[in-house]
Amino acid sequence: MFTYFNIANPPMFPALVGGVSQRSTHPDPPTPPEVSARLGKMACVTSSVPASAEQVLAGLDPEQRAAALAVHGPVCILAGAGTGKTRAITHRIAYAVRTGAVSPDAVLAVTFTARAAGELRTRLRSLGAAGVQARTFHAAALRQLNYFAPQILGGPMPDVADNPIRWIAQAANRLRLRTDRAELRDLASEIDWAKSSLVSPADYVAAAAKANRGMSLSPAKVAEVYAGYEETKRRNNEIDFSDLLLVMAGALESNDKVAAQVRAQYRYFVIDEYQDVSPIQQRLLTAWLGDREDICVVGDANQTIYSFAGARPSYLLDFADRYPDATVVRLQRDYRSTPQIVELANQLITAGGRASRTGLTLIGQRADGPKPTFAEHDDEVAEAASVASSIKRLLAGGTPAAEIAVLFRINAQSETYEQALTELAIPYVLRGGAKFFERAEVRQAMVLLRGAARADGGEVPLPEAVAEVLSSVGWNREHPPAGGAARERWESLSALVDLADQFIIDVPQARLDEFNADLEQRAASQHAPTVQGVTLASLHSAKGLEWDAVFLVGLADQTIPIQHATTPEQLEEERRLLYVGITRARQTLALSWALARNPGQARRRRPSRFLDGLRPGGATRTASATKKAKVVPQSEDAAVFGRLRAWRKLQAEAQGVPAYVVFSDATLVAIADGAPRDELALARIPGVGPTKLSRYATPVLAVLAGQEPEAVEVG
């Protein structure tokens, strides 16, 4: 049976990223004393540096070079977005190795994902620094714990739980709590936050109140589940990924022999993305270091977007206070984005008061590019259609699909863009989440809706019928739940209700079976496999990536900042999230928002407060958006739009397909706006491809000429 260390305030973390073997058969051997003896402080003098080491410095800018020359710590590199931080730290390590300042096997470079660790190893090998260990916190702790398990635990290494949610479910069941999958995921995240923040079950209630944590369960109940989860793991002789850090830190703090061996092995530490370090990770790092100061940290507090999971940018911001003799280097030359994009990013973050604390102001190094654009739309359908049309033009102009991204705040926003891109035959790849119709809650809802359709007599209006079915699985229009996974589930179900609201406009008196057929058609059209395509991603999952063209969409208040962000700290994290989105773009950046969810709804939304003062001239509506506003029912062009929709309804009924398969509302809007007089002009309308042109050009042009709508036979 695994014996836990009796450490006050036990810690934890969010789950390990990337696969790591749970049984290491190649532990890192301790470094011989003669190797350790070579590691005294060295002056940064380049006159006696071998040519091969001097070559490592070639091509670095002055600030990157200063970082590389500071071969001994403590060193703090404040690195803004796109400033070449990975280049700086890999060249610094390689320079230290080549000058003999450190042996490569005495270096431990720590980052947050297996992908980033792999990139570090690859770059270091190319710089002649093979042998340097680059790992995540959890991979390093796991490797060490595997090696020292007999000394620390008095027996073999326990299993690392591959599915902690099962133990959380058992703990909740013992408390007779009814929890669905989303609530269990939220409980897992909350326990992760508590352990990463060094919060024990006994301290959780007070800590949750202080941190303004939001859960559907009361803090007292969460604390009970947390305690039950820990007990269940003990009984089953398992640990979780957070325990890896806790146990290893405890061993280093309490076992002098283990501490001496680990500290003899690793004497030179580099910590990437230091703004994302949690209290338990900092505790382990402190235990690794002991009383030594050969540590280099690199990060950007302006890109701290994981505070909800325990990240503490204060460790980075206060580094110079903890180490008064530290060398501090600021990387501010932005090689990623055009000066126009850099200027917008600086304006956004300065408005939040962050730049003064970090001392970072990006300086664009690329040639000038187009100014970022701002567009307001009447509804999300029109916004998505406009974005899809812009992407179509970029593709036609030679921009590869893989170099284009659409970024949004919450995953539920993807559905509209999946549909808009599908209608224009633009391939896409959804990053960091399942496609809308592949999500578990959406699949479950569609099964329930199919069952309800068998008993549907048409007495209840479609939107109410859909809402009633979804209420049976806990959905409530007026009371969105707290918690990330539960909120995402609620948003997905709400999107289905919104689709029903729109479907009844397109197909008055529609019943559940017709709506279900529409959903099935949408699901089928969005499931085509793609190898390369436009990236659809949440802002969180876009961290660390970049594209030539980025569309930041859905930038409405209550979405960004998200509705449940209420404290000043939470609001500033939302600002930083938008900052991360802006700094993903290299050349083209478009920002947009919609005033309503669906066409015809009241336009009550307002653009994100973060855009105040950033939009040029205070003019928020684009010419295209203004034109599109004319086709809603109360406008002067309502008759044209109405005739087009009436024709589409007849055509869809004749073919036995959902209305949007003929033309989407967004395409009808564009046709009404453009008022094409011939097939050539109609072919230029976004959403009118060759197939639809050949099928529908004659009746559409007839409707535009004022004739009565009439369906045509489609062969």
Side-chain angles (χ1 to χ4, degrees), residues 13-14 17 63 67 73-89 92 109-113 115-117 119-120 136-138 192-193 196-198 211 245 269-286 295-323 326-332 334 336 345-346 348-350 352-362 539-546 568-584:
F13 136 118
V17 180
E63 293 77 26
V75 175
C76 178
I77 304 173
L78 298 172
T83 58
K85 70 176 179 65
T86 304
R87 179 178 177 83
I89 60 175
R92 178 182 180 273
V110 184
T111 189
F112 279 79
T113 68
R115 180 180 64 83
E119 182 181 355
L120 286 177
T136 66
F137 273 101
H138 293 77
D192 273 349
W193 169 80
S196 72
S197 302
L198 301 178
L245 308 188
F269 295 87
V270 178
I271 314 300
D272 191 15
E273 302 286 3
Y274 193 55
Q275 78 278 352
D276 290 332
V277 163
S278 67
I280 179 52
Q281 290 165 334
Q282 180 62 39
R283 181 176 174 177
L284 177 59
L285 176 59
T286 300
I295 178 175
C296 172
V297 300
V298 58
D300 178 9
N302 290 335
Q303 296 188 72
T304 304
I305 59 174
Y306 298 112
S307 295
F308 66 89
R312 299 280 181 87
S314 58
Y315 295 125
L316 174 66
L317 292 169
D318 299 338
F319 187 85
D321 295 333
R322 299 199 309 278
Y323 297 97
T327 299
V328 179
V329 180
R330 290 177 172 82
L331 304 184
Q332 301 179 106
D334 188 318
R336 175 188 298 157
N346 285 335
L348 171 70
I349 210 66
T350 301
R354 296 293 303 177
S356 58
R357 246 201 115 181
T358 63
L360 289 177
T361 301
L362 297 178
L539 288 165
H540 279 103
S541 65
K543 177 75 162 57
L545 304 174
E546 59 187 75
E569 294 78 14
Q570 290 169 338
L571 290 170
E572 282 310 300
E573 180 125 339
E574 292 289 300
R575 181 186 296 275
R576 295 194 296 269
L577 191 56
L578 181 56
Y579 175 84
V580 166
I582 289 173
T583 55
R584 300 309 94 196

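Predicted, not measured: the structure shown is a model, and the values here were computed from it. Note: hydrogens, waters and symmetry copies are ignored here, and every other heavy atom, side chains too, is used.
The two residues Ala309 and Trp193 come nearest to each other via the heavy atoms C-CD1, 3.9 Å. The minimum heavy-atom distance between Leu120 and Ala109, with the atom names listed, is CD1-CB, 4.3 Å. Residues Arg584 and Gly544 come closest through the heavy atom pair NH1-N, 3.5 Å. The shortest non-hydrogen separation linking Tyr306 to His540 is OH-O, 3.2 Å. The heavy-atom pair separating Ala301 from Leu317 by the smallest distance is CB-CD2, 3.8 Å. Closest approach of Pro313 to Thr304, counting heavy atoms only: CB-OG1, 3.4 Å.
Looking only at side-chain heavy atoms (C-beta outward), Arg92 and Cys296 come within less than 4.5 Å of each other. Using a 4.5 Å heavy-atom threshold, the side chains of Val580 and Leu539 count as separate. The closest side-chain heavy-atom distance from Arg576 to Ile349 is below 4.5 Å. When side chains are defined from C-beta on, Asp300 does not count as touching Leu331, because their heavy atoms never get closer than 4.5 Å. Within the 4.5 Å cutoff, side-chain heavy atoms of Ser197 are placed close to those of Arg312. Within the 4.5 Å cutoff, the side chain of Leu285 has no heavy atoms near those of the Tyr315 side chain. Under the 4.5 Å side-chain criterion, counting only non-hydrogen atoms from C-beta, Val110 is not in contact with Gln281. You'll find the side chain of Lys85 reaches within 4.5 Å of the side chain of Asp272, heavy atoms only.
Between the CG atom in Leu577 and the NZ atom in Lys543 there is a gap of 11.0 Å [rounded to 0.5 Å]. For the atom pair CG of Leu348 and OH of Tyr579, the computed distance is 8.5 Å after rounding to the nearest 0.5 Å. Taking CD of Glu572 as the reference point, atom OG of Ser307 lies at 11.0 Å (rounded to 0.5 Å). Between Gln282 atom CD and Leu245 atom CG the span is 12.0 Å, to the nearest 0.5 Å. In this structure, the separation between OG1 on Thr113 and NE2 on His138 is 13.0 Å, given to the nearest 0.5 Å.
Between the Asn346 side chain and the Thr361 main chain, no donor and acceptor come within less than 3.5 Å of each other. Remark: the backbone N or O of Leu360 is not paired with any side-chain donor or acceptor of Arg330 at under 3.5 angstrom. One N or O on the side chain of Arg336 and one on the backbone of Thr583 form a donor-acceptor pair closer than 3.5 Å.
A side chain to side chain contact (heavy atoms under 4.5 Å, CB included) with Leu78 is found for one member of Val297, Leu316, Thr83 and no other, namely Leu316.
Using bins of under 30°, 30° to 60° and over 60° for the plane-to-plane angle, the ring pair Tyr274/Phe319 lands in the perpendicular bin.
Remark: the Glu273 side chain and the Gln275 side chain contain an N/O donor-acceptor pair separated by less than 3.5 Å.
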